[in-house]
Amino acid sequence: MTQIVVSEPTVTVAAELPERCDRCGAAGKVRAFLPGGGDLTFCGHHANRYAETIRTCADRVVVESGFGWRAP
Ligand SMILES: [Zn+2]
């Protein structure tokens, strides 16, 4: 029996994110903290591209103030 648990990450807003996108090196807009430890930072482009993955994998997400990221 497979049980699928989808838990929404806690989203907080930060004044700025000093980190850079792990994918392309652009300024980070969204930082996702994973339940197992570690974190990934995404620029605006990649945050939207991986929005579904971030929403389902991350347990906490920090979004830069002014960046209108919406998880699907
Ligand atoms: Zn990027």
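Counting starts at 1 for both ligands and their atoms, following the listed order. For reference, positions follow the sequence shown, starting with 1.
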Can you confirm whether [X] sits close enough to [Y] that some side-chain heavy atom of one is under 4.5 Å from a side-chain heavy atom of the other?
X   : Y   : value
T41 : C21 : no
V61 : I54 : yes
L34 : D59 : no
C24 : H45 : no

I want to check a possible cation-pi pair here: R20 against F42, using under 6.0 Å from ring centre and within 45° of the ring axis as the test. no
Roughly how far, to the nearest 0.5 Å, is the CD atom of E19 from the SG atom of C43? 13.5 Å
I need the protein N, O or S atoms closer than 2.8 Å to the Zn ion (ligand 1), given as residue plus atom name. C21 SG, C24 SG, C43 SG, H46 ND1
